[in-house]
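What follows is one structure encoded as structure tokens, with my remarks underneath.
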Amino acid sequence: MYKFPFQRILDMKENEKEQVQLEMAETLKVQSNLEQEIAMLEQKVNSFRETLEKRQFEGLSVTELIEEEAHVSFWDQKLNEKKEALRQLDEQVSGHQENLAEKVREEKTWQSIKEKRREEHNREIKLIEQNELDSFNTVRAYLQLKNG
């Protein structure tokens, strides 16, 4: 049975990859939730604007108009803050993707090394076995000739 001398390193690389995958999944979940919040806020802001336009035709006082515009402006600002947060999350996702790609490459490298070493080990074992069989057959042939 072959025992890879660098198995701990390979295990560590696999764990690092899994950790990055978990972090990325969590970030994607937050990103999805934020996208839903933005969609709802956009609907809310559009609804406020439509209501404001309708009320302007119904005859709003200047004070009411200023209050309504301040309300719409407040929600517009909240929407822009959420969009900025989403932009930052997009950058985090990109970072996680790059990090994950690097971890996958590292893991594959160590897996490849492990596989090559296993193949070398198996070739060496087969060669040793073949040499032992050859020696056994040589001794047997000698004994057959001698006793023969």
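Only a predicted model underlies this, so the values are computations on that prediction, with no experimental measurement involved.
Here Phe57 is tied to no hydrophobic group at all, with no ILVMFWY side chain closer than 4.5 Å. In the hydrophobic clustering, where aliphatic and aromatic side chains (Ile, Leu, Val, Met, Phe, Trp, Tyr) are joined below 4.5 Å either directly or transitively, Phe6 groups with Tyr2, Phe4, Ile9, Leu10, Trp110, Ile113. Under a 4.5 Å side-chain heavy-atom cut-off, the cluster of Ile, Leu, Val, Met, Phe, Trp and Tyr residues that includes Leu100 is completed by Val20, Met24, Leu28, Val93, Val104.
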Side-chain donor-acceptor distances from residues 72-80 under 3.5 Å, at least two apart:
residue: Trp75; atom: NE1; partner: His71; partner atom: NE2; Å: 3.4
residue: Asp76; atom: OD1; partner: Arg49; partner atom: NH2; Å: 3.1
residue: Asp76; atom: OD2; partner: Arg49; partner atom: NH2; Å: 2.3
residue: Gln77; atom: NE2; partner: Glu81; partner atom: OE2; Å: 3.4
residue: Asn80; atom: ND2; partner: Asp76; partner atom: O; Å: 3.4

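Every pair passing salt bridge (Lys or Arg N to Asp or Glu O under 4.0 Å) that includes a residue from residues 8-21 is listed here, sequence neighbours excluded: Lys13-Glu16, Lys13-Glu106, Glu16-Lys103, Lys17-Glu107. Among pairs with a residue in residues 19-43, none fulfils ring pair (Phe, Tyr, Trp, His ring centres under 6.0 Å), at least two apart in sequence or across chains.
Remark: Asn131 pairs with no residue by the side-chain hydrogen bond (donor to acceptor under 3.5 Å, both in side chains) rule, at least two apart or across chains. Taking the side-chain contact (heavy atoms from CB on, under 4.5 Å) definition, one finds that Thr51 meets it with Ser47, Arg55, sequence neighbours left out. With sequence neighbours left out, the side-chain hydrogen bond (donor to acceptor under 3.5 Å, both in side chains) criterion links Arg87 to Glu84, Glu91. Glu120 is linked by a salt bridge (charged side-chain N to carboxylate O under 4.0 Å, His left out) to nothing, counting only residues two or more places apart in sequence or in another chain. With sequence neighbours left out, the side-chain contact (heavy atoms from CB on, under 4.5 Å) criterion links Thr138 to no other residue. With sequence neighbours left out, Gln43 forms a side-chain contact (heavy atoms from CB on, under 4.5 Å) with no residue at all.
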